[in-house]
Amino acid sequence: PRTAAEKDATIHQEDYGGATVKVDQPIYNGRDKEDLTLDAASFELMRCPTKLSTEDFYNIQAGDADLAIKYNAEVETFVAKQLGCEKVICVQSQVRNGEKEGENGVGGYAGGGPHTDSSAVSADIFALNTLKANNLKGGDYKRYCYLNLWRNIGNEPIRDNHLGCLDERTVVKPDDYIIKDVIGDGYEVVQYQLSARHATQHKWYYFPSMTRDEAILFKQMDSDGSLSGRVCFHMSVSDPTATKKAPPRQSIEIRMMCFWKDAVLDTMPTSDNVHRDVLQSPKEYAAQLKGSNNLASASLFQLVLAIAYKLPFVGQLLKQISVTNSKKTKIEYSGHATDYVDRFVQTVGSIPTWHESSKAWATVQMKRHETAQGGIEGITMTLVEDQLGFQGTRNFSQHEKAEIVAALLGSSAYMLVCKHHLESLLFD
């Protein structure tokens with residue numbers, strides 16, 4: 001959760017904003033329903049055996065990079081075969097167990113309400129960033145799908161806290177999609193929450209008694225707008241028929257990006273057509289609005305100023321001043337890429353102090369590439385892309401970021417620290 005200081009820095013005083021309502025919703029058994037397919041409904045149950053043990057999955061959560069690489073390869077091979085896509089790149093996983101929540105990063109059950117994990121705008125940027133980090137060209141592909149694979153990792157069938165999925169064919173578009181900014185520990189994303197306006201026509205499904213040889217594939221976003229199943233509302237759902245002796249659900253979800261070279265429609269985003277240079281971080285935008293839109297905490301001066309904005313001529317002048325000031329507070333590119341070398345030298349040099357999950361990510365990235373140089377280039381691009389805003393380069397243009405990447409890869413000091421801290425990950 002955010003600290004008091006972090007909350008005070010933005011207009012979002014609560015971690016979970018917006019009104020919610022409780023709705024009694026039937027959830028149907030999805031087994032033997034042949035029409036619940038990935039491209040039609042946005043989710044699908046599949047037979048998907050794994051060679052990993054229950055203990056292996058907990059070790060992945062604790063930061064075992066070699067096991068993560070093994071599971072990534074297993075999933076990537078399976079999904080590519082099932083979907084017929086040319087490239088699958090696993091990016092992150094999460095183990096969940098209600099009785100072990102908080103132990104080595106194990107999460108609890110996501111039962112707070114129907115949601116998606118991404119949205120069109122966030123997924124587009126994520127797809128572009130994934131290609132860049134893996135030295136791939138967006139122009140080589142015509143479609144992407146941001147996908148989750150969810151499975152039981154225990155030896156017993158799941159009896160409670162199932163994964164509930166909403167058939168997207170029963171969702172009213174665009175009425176039921178509520179855009180929501182989510183700012184968590186070390187991440188921020190734009191997601192969708194579900195409107196209750198048409199709840200009576202929504203059809204929810206679960207798959208009882210899932211075993212470890214089964215998996216649910218469900219979409220976070222598919223760039224192909226011609227499909228009825230593009231994004232899956234989901235949540236953990238408790239089973240009223242479960243007994244108190246039911247074992248805790250043990251599960252893992254792994255997120256990945258899938259890319260097609262051949263597709264009926266070319267729906268791949270580009271930096272130009274998504275206008276990414278004008279996209280703004282939800283967290284940064286909320287900080288900019290601090291004090292201007294929060295009526296409860298507004299001072300008398302702020303209230304008078306708000307009224308003045310509505311006056312002819314005066315309001316226009318104030319808006320021009322406000323725009324000028326906001327531009328001054330935005331972090332601007334210095335014009336010299338070498339000015340940013342030292343900060344990234346320090347970032348890579350601090351790898352020994354990184355959280356185990358971050359070290360595991362770096363290890364996976366290094367071993368994913370055929371050469372150490374390729375791994376260093378991929379990690380450098382991700383660091384400069386600065387999706388989480390840690391380096392202060394997030395809002396720079398793609399051209400400016402490319403200049404910084406080139407400066408880093410051409411810096412002897414940066415490459416020396418990379419060879420010391422990143423190449424060594426290949427032998428861990």
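Because the structure is predicted, anything quoted here is derived from the model rather than measured.
Glu385 places no side-chain N or O within 3.5 Å of a backbone atom of Lys132 that could act as its donor or acceptor partner. A donor-acceptor pair is defined here as one N or O able to donate and one able to accept, closer than 3.5 Å; such a pair exists between the side chain of Gln61 and the backbone of Val95. Remark: side-chain polar atoms of Asp176 are not paired, donor with acceptor, to backbone N or O of Leu194 under 3.5 angstrom. Under the 3.5 Å distance criterion, the side-chain polar atoms of Tyr109 are left unmatched by any main-chain donor or acceptor of Ser238. Listed for the Ser119 side chain is a donor-acceptor partner under 3.5 Å among the backbone atoms of Val190. With Tyr28 contributing its side chain and Lys203 its backbone, the two residues share no donor-acceptor pair below 3.5 Å. Under the 3.5 Å distance criterion, the side-chain polar atoms of Gln201 are left unmatched by any main-chain donor or acceptor of His198. Although no hydrogens or angles enter the test, the distance criterion places a donor-acceptor pair under 3.5 Å between the side chain of Asp386 and the main chain of Gln391. Between the side chain of Ser411 and the main chain of Ala407, no donor-acceptor pair closer than 3.5 Å is present. Between the side chain of Thr270 and the backbone N or O of Asn273 there is at least one donor-acceptor pair closer than 3.5 Å.
Taken to the nearest 0.5 Å, the OG atom of Ser209 stands 7.0 Å off from the NE2 atom of His162. Between the CE atom in Met256 and the CD atom in Gln92 there is a gap of 11.0 Å [rounded to 0.5 Å]. Here the straight-line distance linking atom NZ of Lys142 with atom OG1 of Thr267 works out to 10.5 Å at 0.5 Å rounding. Separating the CD1 atom in Ile153 from the CZ atom in Arg96 is a distance of 11.5 Å, to the nearest 0.5 Å. If you take OG on Ser236 and CH2 on Trp150, they are separated by 7.5 Å, rounding to the nearest 0.5 Å. Distance check, rounded to the nearest 0.5 Å: CG of Leu227 to OG1 of Thr37 gives 9.5 Å.
Applying the 6.0 Å contact sphere to NE2 of His336 captures no more than 12 heavy atoms from other residues, nucleotides or ligands. Counting heavy-atom neighbours within 6.0 Å of Lys401 NZ, excluding the residue itself, gives a total above 12. More than 12 heavy-atom neighbours from other residues, nucleotides or ligands sit within 6.0 angstrom of NZ on Lys173.
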> Please walk me through it: do His234 and Asn148 pass side chain to side chain donor-acceptor pair (under 3.5 Å)?
Replying inline: CA-CA 11 Å; His234 60 279; Asn148 277 30; 5.4 Å; no
>> One pair to check against salt bridge (charged side-chain N to carboxylate O under 4.0 Å, His left out): Asp140 and Lys87. What are the steps and the verdict?
In response: CA-CA 11 Å; Asp140 292 340; Lys87 193 70 177 178; over 6 Å; no
>> Run Lys367 and Asp66 through salt bridge (charged side-chain N to carboxylate O under 4.0 Å, His left out) and show every step you take.
In response: CA-CA 9 Å; Lys367 293 185 177 181; Asp66 289 332; 2.6 Å; yes
>> Using the rule given for side chain to side chain contact (heavy atoms under 4.5 Å, CB included), can you reason through Asp175 versus Arg197, listing the C-alpha separation, both sets of side-chain angles and the distance that settles it, and then say yes or no?
In response: CA-CA 8 Å; Asp175 311 40; Arg197 167 70 173 82; 5.8 Å; no
> Run the side chain to side chain contact (heavy atoms under 4.5 Å, CB included) check on Leu163 and Glu253 step by step: do they pass?
Replying inline: CA-CA 11 Å; Leu163 177 66; Glu253 66 235 33; over 6 Å; no
> Could you go step by step and tell me if Asp56 and Thr50 meet the side chain to side chain contact (heavy atoms under 4.5 Å, CB included) rule?
Replying inline: CA-CA 11 Å; Asp56 287 339; Thr50 178; over 6 Å; no
> Could you go step by step and tell me if Leu383 and Val348 meet the side chain to side chain contact (heavy atoms under 4.5 Å, CB included) rule?
Replying inline: CA-CA 9 Å; Leu383 292 176; Val348 176; 4.0 Å; yes
> Would Arg143 and Asp39 satisfy salt bridge (charged side-chain N to carboxylate O under 4.0 Å, His left out), going step by step from the backbone distance to the final call?
Replying inline: CA-CA 13 Å; Arg143 174 190 171 195; Asp39 285 344; 3.5 Å; yes
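Side chain to side chain, Trp361 and Ser357 fail the donor-acceptor criterion of an N or O pair below 3.5 Å. No donor-acceptor contact under 3.5 angstrom links the side chains of Thr54 and Gln250, judged on distance only. If you check the side chains of Tyr414 and Thr380, you find a donor sitting under 3.5 Å from an acceptor. Side-chain atoms of Asp124 and Tyr144 form a donor-acceptor pair, as typed in the model, at a separation below 3.5 Å. Between the side chains of Ser251 and Arg151, no donor-acceptor pair is found at a separation under 3.5 Å.
Applying the salt bridge (charged side-chain N to carboxylate O under 4.0 Å, His left out) test between Asp117 and each of Lys180, Arg255, Lys219 identifies Arg255 as the sole match. In summary, of the residues considered (Met366, Met381, Gln365), a side-chain contact (heavy atoms from CB on, under 4.5 Å) with Ile376 occurs for Met366 alone. When each of Tyr205, Tyr177, Trp204 is checked for a ring-ring contact (aromatic ring centres under 6.0 Å, His included) with Phe233, only Tyr177 meets the rule.
The two residues Val274 and Ser271 have their closest heavy-atom pair at CG2-O, 3.8 Å. The nearest pair of heavy atoms linking Gln220 to Thr116 is OE1-C, 3.9 Å. Taking all atoms of both residues into account, the shortest heavy-atom contact from Cys90 to Ile254 is SG-CD1, 3.8 Å. Between His421 and Ile351, the shortest heavy-atom contact is CB-CD1, 3.9 Å. In terms of heavy-atom proximity, Ser228 sits nearest to Ala40 at OG-O, 2.7 Å. Annotation for Met221 and Ala123: closest pair CB-CB, 3.5 Å, computed over non-hydrogen atoms.
Seen from the ring of Tyr58, Lys100 counts as a face-on cation partner, given the 6.0 Å and 45° thresholds.
Side chains of Ile216 and Met210 form a contact here, defined as non-hydrogen atoms less than 4.5 Å apart. Proximity of Thr347 to Trp354: side-chain heavy atoms (C-beta onward) are separated by under 4.5 Å at one or more points.
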